Amino acid sequence: MASWLEERKRVLETARLLEEKGLVVGTSGNVSLRLKGELLAITPHGRYYDELSPEDIVVIDFEAENVEGELPPSAESLLHIAIYKNRPDVGAVIHAHPPLAGALAVAGKEIPVILDDQAAYLGGEVRLAPYALPGSPRLADSVISYLGERNAVLIANHGIIAVGRDLKRAFTACQLVEKAALAFILASLLGGVKELDPQAKEALLGYFRLLRGVP
Ligand SMILES: [Zn+2]
């Protein structure tokens, strides 16, 4: 009897939702959920999400070895594991390629604190981690350091990482990054980006430090 089927089903549903909402294309992106102990459920490498069943979502340990499921785990497993090791508050990790955040990642732009929900739920600016090859330990190190205690980070010439205490909140973080990217790009075209009022920013960051994301 396969274990963690309910959790694996939720990982698959989240991956399908990413594709439906245009946050990834085809087989790209990956989604994971922290299970008990040093275990996580993660999407398998290079598969179309609509062709997978919950049993195809792999359960791996912190060595990236399969515990449940036959398929090879996502090529970004190291990155997901590194985040769980460094951020005890994180219960779910999403790596996606949203188009507008992708444009910023290509232009080499970080998103300063421009929206109040960005401050309250993402924890401030969305920084730009330098490019490193997908799946490499260098990418994991770079993401960890640029993510810090916040809930999202851009990866240069690649995409984004969004985290949360559960899948729903990590997914919301993903959408918040794309919404902030849209506002940043449009405001730039409209004559300039105005950052959030510093006092409001401090208050909202205080709220974030208390709750670590969407309540
Ligand atoms: Zn990617």
Side-chain angles (χ1 to χ4, degrees), residues 8 10-34 40-52 56-58 60 64 69 71-87 90-111 122 126-148 150-164 167 169-182 184-185:
R8 291 155 86 187
R10 280 191 277 127
V11 167
L12 181 54
E13 284 167 357
T14 305
R16 285 181 177 160
L17 201 57
L18 284 177
E19 214 270 331
E20 263 173 54
K21 300 280 185 194
L23 300 170
V24 298
V25 171
T27 65
S28 67
N30 30 78
V31 176
S32 75
L33 174 66
R34 191 200 290 267
L40 56 145
I42 189 164
T43 44
H45 177 60
R47 296 292 177 129
Y48 283 101
Y49 301 122
D50 63 347
E51 296 174 357
L52 296 177
D56 296 320
I57 302 301
V58 192
I60 59 172
L71 296 173
S74 164
E76 298 293 3
S77 292
L78 278 183
L79 176 56
H80 290 247
I81 292 165
I83 293 171
Y84 291 124
K85 281 184 175 168
N86 278 274
R87 288 280 301 272
V90 168
V93 176
I94 295 177
H95 167 52
H97 302 160
L100 299 172
L104 296 182
V106 167
K109 303 273 189 198
E110 302 194 322
I111 311 177
L122 296 181
V126 184
R127 298 198 66 199
L128 178 68
Y131 183 83
L133 278 177
S136 65
R138 251 188 76 205
L139 180 64
D141 289 347
S142 149
V143 163
I144 290 294
S145 103
Y146 283 78
L147 178 66
R150 293 174 296 276
N151 280 353
V153 67
L154 300 166
I155 304 170
N157 301 91
H158 185 162
I160 72 164
I161 295 285
V163 303
L167 284 167
R169 287 166 176 84
F171 190 85
T172 300
C174 230
Q175 292 178 302
L176 285 168
V177 174
E178 189 63 347
K179 186 166 92 71
L182 174 64
F184 183 84
I185 293 166

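Computed from a predicted structure; not experimentally measured. Order of listing sets the numbers, starting from 1, for every ligand and every atom in it.
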With sequence neighbours excluded, give me every side-chain hydrogen bond (donor to acceptor under 3.5 Å, both in side chains) pair touching residues 169-181. Asp117-Lys179, Asp166-Arg169

Test of ring centre spacing under 6.0 Å for His158 and His95: yes

Within less than 2.8 Å of the Zn ion (ligand 1), how many protein N/O/S atoms are there? 3

Between Arg150 and Tyr146 (side chain of the first, backbone of the second, donor and acceptor by atom type, cut-off under 3.5 Å), is there such a pair? yes

Would Leu18 and His97 count as a side-chain contact (heavy atoms from CB on, under 4.5 Å) if you check the C-alpha gap in whole Å, the side-chain angles of each, and the deciding distance to 0.1 Å? CA-CA 9 Å; Leu18 284 177; His97 302 160; over 6 Å; no

Restricting to side-chain contact (heavy atoms from CB on, under 4.5 Å), what partner residues turn up for Thr14, sequence neighbours left out? Val31, Ile94, Leu167, Phe171

For Arg34, give me all partners under side-chain contact (heavy atoms from CB on, under 4.5 Å), at least two apart in sequence or on another chain. Phe62, Tyr84

